[in-house]
Each structure stands twice: as C-alpha cells, then as structure tokens.
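Worksheet: the structure to be examined is printed underneath.
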Amino acid sequence: MEISARARFAPSPTGRMHLGSARTALYDFLLAQKTKGQFILRIEDTDQKRTLEGAEQELKDGLRWLGLQWDEGPDVGGDFGPYRQTERKDIYLQYARKLVELDSAFYCFCTPEKLKKVRDQQIENKENTHYDGTCRNISIAEADRRIADGETHVIRFKTPNEGQTRVVDQMRGEMTFDNKTLDDIILVKSDGFALYHLAAVVDDHLMKITHVFRGSEWLPTFPLHALIHRAFGWKEPVWVHLSVFLKPSGKGKMSKREQADFIKDGKSIFIKDLRDLGYLPEAVINWISLMGWSYDSHSEFFTMDDLIDKFSLDKLNASPAAINFTKLDHFNGLHIRNLTIQDLSHRLVPFFEAKGYKPDPSIMEKITPIIQERLVTLDESVGLAGFFFEENVAPDVQELIPNKMSAGEAYAVANDILMVLESANTVAHEVLEPQMRELVEKLNLKPGQVFGILRVAVTGSIVSPPLFESMEIIGKEKVLERMKNAIKILGQMISK
RNA sequence: GCCUCCAUCGUCUAGUGGCCCAGGACGGAGCCCUCUCAAGGCUCAAACAGGGGUUCGAGUCCCCUUGGAGGCACCA
C-alpha cells in the first residue's frame with residue numbers, strides 16, 4: 001500500500017443509496033485516504049431509461065453525510081472529467097472503434113427479434129444462451145458500408161473462442177474461466193451509448209484508477225473486463241470483488257417487500273432512512289466497515305480516523321455477510337456515548353423539532369447528559385425527554401400507585417412528598433435527594449415506592465431519566481404543580 | 001440448466017500447519033450496581049457443514065459431496 005491509490009466509487013443513479021454501496025464507497029475512501037491518494041466519484045448513467053430522478057442527489061447527500069467526501073467527481077471537478085458518463089459518450093465511441101480496428105470487437109447488425117429467436121432455440125436445446133457469432137466476421141469495410149446505409153447496429157466484443165482467461169482478484173486470488181463460456185457482449189448499444197462493460201473499463205484507464213472495489217455480481221463478467229483492458233494493451237487495476245450483503249436471516253438478498261417491512265420496524269438498508277431513524281453516520285460507518293473487513297481479534301469500536309489508520313486490503317473477507325441490525329443499535333449507542341454533550345445536543349434538536357417541540361438550546365444541553373447513556377437512536381430522545389418541554393403531563397392513575405400499595409396509601413405518600421417539596425428551598429438534586437430519602441426512612445418504605453410516585457407525577461411515565469436531575473431541570477414551580485395534579489388524580493380515584 | 005464465488009458459535013468475525021479441547025463482539029441467560037430505564041462490571045451457554053486425502057501434526061493445504069449466494073439483457 002505504498003503507492004497512492006486512485007479508487008473510484010461508480011454508482012449508477014438508478015436506485016436509492018443502500019448499505020452495499022455505502023460499504024464499497026467506504027473502502028474506496030479508506031484506501032484513498034490511507035495511501036494519500038484520491039477518492040473519485042463517477043456517475044454511471046449510461047442507461048438513461050433507468051436513471052431515477054433525484055437518485056444522484058441522494059447518493060451525494062448520503063456520501064457526504066457519511067463523511068465520504070470525494071476528491072474528484074461531480075460538483076468538485078478534477079483533472080480527468082467529466083465524471084458523468086453521459087457526458088463522455090464520444091470518448092467511448094472512439095475507443096470502441098479502436099477495438100474494432102484491433103480486431104477485438106465487431107459491428108453486429110442482428111436485430112433484437114433475431115437474437116431472441118436464437119436464444120429461445122438455445123434454451124430449447126438446453127444450450128447456454130450466447131451470441132451465435134453471425135456478424136463476427138463482417139469486415140470493417142462492409143460494416144462501414146452498411147452503417148452508411150443507415151442500418152442499425154451495435155458493437156460487440158470479440159471474445160476469444162478458445163483457451164482460458166486467467167484473472168486475479170486481490171482478495172479472492174486467481175480465477176480461471178473457459179473462454180468458450182464467455183459471450184460476445186455488447187459494448188455499444190444501437191443508440192450509440194456505451195454499456196457499462198466498455199464505459200467502466202475506458203474510464204478506469206483514462207482516470208488512472210489503480211483499485212476497483214465492486215460487488216461480487218460483477219464476478220461473471222470479470223474476465224470480460226480484464227480482456228477488454230488487455231485488448232487495448234492497458235494495465236489492469238487491482239480488482240477486489242466484495243461479497244453481497246444478505247438479509248438478516250442469511251438467506252439471500254433483501255427483496256423490495258422485505259425492505260419495506262424493515263422500515264416499518266425502524267430499520268432500513270437505505271442510508272437516507274438510517275439518518276432519519278436517528279442513526280449516527282459514525283455508527284453506520286463503524287458497522288459496515290466490519291462487514292467484510294476486520295482489524296484484529298478484539299477491536300471493534302472505530303472512528304473514521306481509526307479506520308483510515310488501520311484499513312488494509314489483506315484483512316478483507318470474501319464470505320457474504322448477513323445484515324445484523326441489532327449490532328447497528330449497539331454501535332449507535334457506543335458512538336452516541338462517545339459524543340461531547342454539545343455535539344450530541346445539537347444533533348438531538350432536529351428530532352425534537354420534527355415532533356413539534358421548540359427545544360431551548362440551554363435546556364437541551366442540560367438534558368443531554370442525563371439521557372446520553374440511555375439512547376440507542378437519536379430518535380428515542382423525544383419519547384424519553386419530551387416531558388421537559390410539555391406544559392403539564394398526564395400521569396396514569398394506576399401508574400401513580402406503586403406495587404403493593406393501595407390508592408389511599410399512595411395518596412398519603414404523595415401528600416408527604418408534596419410537603420417536602422414545598423418546604424424545600426431548592427430542587428437542586430444534591431439537596432433534594434437526601435431530603436426525599438429522609439422521608440423514605442420516616443415512612444419506612446422502599447426508595448422505589450416513594451420515588452416511583454414522584455417519577456410518574458413529574459415525568460408522566462414510569463420510565464424516565466434520573467429523577468432528581470430531571471426535577472432540577474424542570475424547576476420547582478412546575479414540579480410542585482405536577483405533584484399537586486397527581487394528588488388530585490389520586491384523590492379522585494379514592495373518592496370513587 | 002450452465003458459469004462463478006462462498007463455507008468457524010443464531011449473527012459479524014479472529015485464526016495464513018503445532019501458540020486453538022478455537023479468541024472477540026452483537027444477541028441470549030444469570031449475577032452485581034441501582035430511584036425507573038439504561039449504561040457499566042462479572043459469569044455462563046453457543047461454532048471449525050460432511051467425507052476423503054497431504055502431513056509427525058489440519059479450522060488452517062488439496063479433492064469430492066452438501067449447503068448457501070451471485071450471474072447468464074441493446075441493466076448496472
């Protein structure tokens with residue numbers, strides 16, 4: 001890893017940015033950072049029919065949110081642009097022609113209908129479907145004549161018929177393919193647009209890409225891409241085919257239907273959703289970094305800087321990984337606790353605002369420390385601390401009555417609590433708590449019983465951040481008000 | 001069907017021939033701490049898919065089987 005790597009992330013804007021692409025981009029980024037090279041973003045939009053409105057934006061937003069800023073690419077430019085393939089159409093055409101002249105590609109005039117017939121016949125004969133070679137030996141001169149006549153055509157790669165192709169994947173090692181199993185793939189469509197196979201190879205060469213991380217779905221065409229490089233006489237980049245992510249059960253990729261189910265469950269494989277769900281980019285990065293890579297036998301908590309420092313190709317793992325959302329939760333908790341109060345407090349604000357609260361920054365900074373270690377996602381903070389911003393709370397009568405206590409007893413205790421509260425000249429937790437504990441002893445009760453009533457009265461819930469710290473933030477006036485309200489509710493219960 | 005890849009606890013993984021009757025983490029169970037919920041600490045259960053080789057010795061190398069995955073478009 002001595003040389004500076006130029007690693008590219010080359011998504012096609014045909015869908016939403018998900019965990020798989022994020023992990024590929026992460027490895028690209030880490031390698032580039034580690035080697036003081038460049039991380040390049042290239043938009044592979046040659047299939048305009050499938051290009052999705054807004055997809056490129058979501059991609060870029062996702063990368064930036066994750067902290068994967070590209071050194072070259074759309075918006076930032078670079079010496080090897082343009083970085084959007086639709087803007088490079090002529091380049092591909094030029095190289096395709098060159099390949100024809102090199103006798104490594106040929107013009108093909110077969111119609112889609114004819115092709116389909118051939119394929120159907122092959123299926124019937126239980127043969128592998130492949131191009132039948134009809135146009136393979138049409139001379140350039142004849143092809144040029146037919147093209148001049150306006151005949152529609154594509155350009156195909158002339159795959160060797162005999163022998164084998166040996167390719168090397170840095171992570172998986174050497175692989176050998178029989179050339180007769182390789183198809184004469186289309187390089188340029190009849191509309192004049194290059195296909196991925198040509199465009200990616202040409203761009204990787206022209207952009208001086210040294211390392212290609214891509215999904216294992218490219219393994220079957222791997223020999224073809226290597227062959228195209230070789231036909232031009234170009235040096236191949238270092239190839240790494242990352243394994244796919246499997247659904248949590250480990251059985252297959254996640255379907256559209258299952259993706260929808262996960263979102264209902266507060267989980268998602270889409271980066272944008274994860275952000276909205278209250279996950280930290282730090283946690284997502286840490287989580288996906290470990291799906292296919294590891295550092296040693298015991299370290300798991302990594303910041304981006306750690307990863308840049310520790311990343312290496314030889315620790316990559318080729319086996320497919322099942323997505324484990326509970327582990328994301330774990331990492332999110334760890335990274336939340338790793339944030340400064342101020343940082344976390346800022347990140348919490350949008351979640352409160354989304355629920356209609358207008359969180360005061362100074363109050364937020366007081367609340368943050370007492371909820372920090374209780375959060376799994378940012379989103380949860382609202383349910384846990386919303387009561388700080390409410391005018392009043394609505395305690396449930398049953399919850400106001402501790403276990404093994406009658407309504408009447410609870411009512412009496414509540415009044416005792418109120419007395420302590422009223423006579424206290426402060427609700428500072430270090431002062432109030434000892435006073436309450438005195439009351440607990442005087443009444444010969446368990447702390448949980450007295451504090452339970454107080455908690456439900458003040459926070460409206462049986463689960464809350466630390467009680468006395470919470471009351472301090474709420475202020476004496478509101479605490480008294482809420483305690484009186486709880487007594488009223490208990491009183492009504494008794495009189496029934 | 002054909003081609004290719006992958007194979008250690010439920011899951012993510014460490015392990016590159018002896019350091020492994022297999023280590024860490026998540027999740028699970030239990031205990032401790034404790035004003036609730038968490039967080040934290042400690043403990044426990046839990047795996048080398050099967051079969052052949054190679055070797056003094058195999059989780060680690062080779063082969064087969066099985067299982068899983070990916071691909072077989074004028075998509076990427």
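Lettering follows sequence order; numbering is per chain, from 1. In what follows, every heavy atom counts, from backbone to side chain, and hydrogens, waters and symmetry copies are set aside.
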Span that lies between the [atom1] atom of [M] and that of [N], in whole angstrom:
| N | M | atom1 | answer |
| --- | --- | --- | --- |
| B/G10 | B/A46 | C1' | 9 Å |
| B/A22 | B/A14 | C1' | 10 Å |
| B/G59 | B/C20 | P | 13 Å |
| B/C48 | B/G23 | P | 13 Å |
| B/C56 | B/G51 | C1' | 23 Å |
| B/U11 | B/U60 | C1' | 23 Å |
| B/C21 | B/A47 | P | 15 Å |
| B/U55 | B/C62 | C1' | 12 Å |

Identify whether any heavy atom of [X] sits under 4.0 Å from a base atom; if not, whether one sits that close to sugar-phosphate; answer base, sugar-phosphate or nothing.
| X | result |
| --- | --- |
| A/Thr46 | sugar-phosphate |
| A/Cys110 | base |
| A/Gly292 | sugar-phosphate |
| A/Lys315 | sugar-phosphate |
| A/Leu195 | sugar-phosphate |
| A/Ser12 | sugar-phosphate |

Quick one: do A/Arg42 and A/Glu44 make a salt bridge, cutoff under 4.0 Å?
yes
Does a side-chain N-to-carboxylate-O contact under 4.0 Å join A/Arg136 and A/Asp184?
yes
Name the atoms and distances for all side-chain donor-acceptor pairs under 3.5 Å in residues 436-447 of chain A, with sequence neighbours left out.
residue	atom	partner	partner atom	Å
A/Arg437	NE	A/Glu433	OE2	3.0
A/Arg437	NH2	A/Glu433	OE2	2.8

Selection residues 156-185 of chain A - residue pairs positive for ring-ring contact (aromatic ring centres under 6.0 Å, His included), sequence neighbours left out:
none
Need the pair for [N]. Rule: Watson-Crick or G-U wobble, both distances under 3.5 Å, any strand; none if unpaired.
| N | result |
| --- | --- |
| B/C2 | B/G71 |
| B/A46 | none |
| B/U60 | none |
| B/C31 | B/G41 |
| B/G10 | B/C26 |
| B/C21 | none |

Check whether the side chain of A/Ser190 and the base of B/C74 form a donor-acceptor pair under 3.5 Å.
yes
Under 4.0 Å between a side-chain N or O of A/Asn317 and OP1 or OP2 of B/G15?
no
With respect to the phosphate group of B/C74, does any side-chain polar atom (N or O) of A/Lys114 fall under 4.0 Å of OP1 or OP2?
no
Could you list the residues that satisfy salt bridge (Lys or Arg N to Asp or Glu O under 4.0 Å) with A/Arg119, not counting sequence neighbours?
none
Please enumerate all residues that pass salt bridge (Lys or Arg N to Asp or Glu O under 4.0 Å) together with A/Asp329, with sequence neighbours excluded.
A/Lys267
Parallel, tilted or perpendicular, judged at 30° and 60°: which one describes the rings of A/Phe262 and A/Phe325?
tilted
Can you classify the ring geometry of A/His153 versus A/Tyr107 as parallel (below 30°), tilted (30 to 60°) or perpendicular (above 60°)?
perpendicular
Using whole Å, report how far [atom1] of [X] lies from [atom2] of [N].
| X | N | atom1 | atom2 | value |
| --- | --- | --- | --- | --- |
| A/Glu151 | B/C74 | CD | C1' | 15 Å |
| A/Leu290 | B/C12 | CG | P | 12 Å |
| A/Met171 | B/C5 | CE | P | 12 Å |
| A/Lys247 | B/G10 | NZ | C1' | 16 Å |
| A/Leu52 | B/A76 | CG | P | 15 Å |

Applying ring pair (Phe, Tyr, Trp, His ring centres under 6.0 Å) to A/Phe468 and not counting sequence neighbours gives A/Phe451
How does each nucleotide of nucleotides 29-43 of chain B score, in 5' to 3' order, for protein heavy atoms under 4.0 Å: base (B), sugar-phosphate only (S), or none (-)?
------BBBBSS---
Salt bridge (Lys or Arg N to Asp or Glu O under 4.0 Å) partners of residues 238-249 of chain A, not counting sequence neighbours, each pair once
A/Lys247-A/Glu258
Check: protein-nucleotides 66-70 of chain B nitrogen or oxygen pairs below 3.5 Å:
residue	atom	partner	partner atom	Å
B/G70	OP1	A/Lys253	N	3.4

With nearest nucleotides of RNA chain B determined for A/Arg50 and A/Pro248 from heavy-atom distances, which residue corresponds to the more 5′ nucleotide?
A/Pro248
Return whichever of A/Leu328 or A/Ser319 has its heavy-atom-nearest nucleotide of RNA chain B closer to the 5' end.
A/Ser319
Heavy-atom neighbours of A/Tyr295 OH exceed 12 at 6.0 Å
no
Any residue meeting side chain to side chain contact (heavy atoms under 4.5 Å, CB included) with A/Glu162, in chain and number order, not counting sequence neighbours
none
Winner on side-chain proximity to A/Ala322, out of B/G27, B/C74, B/C12, is B/C12
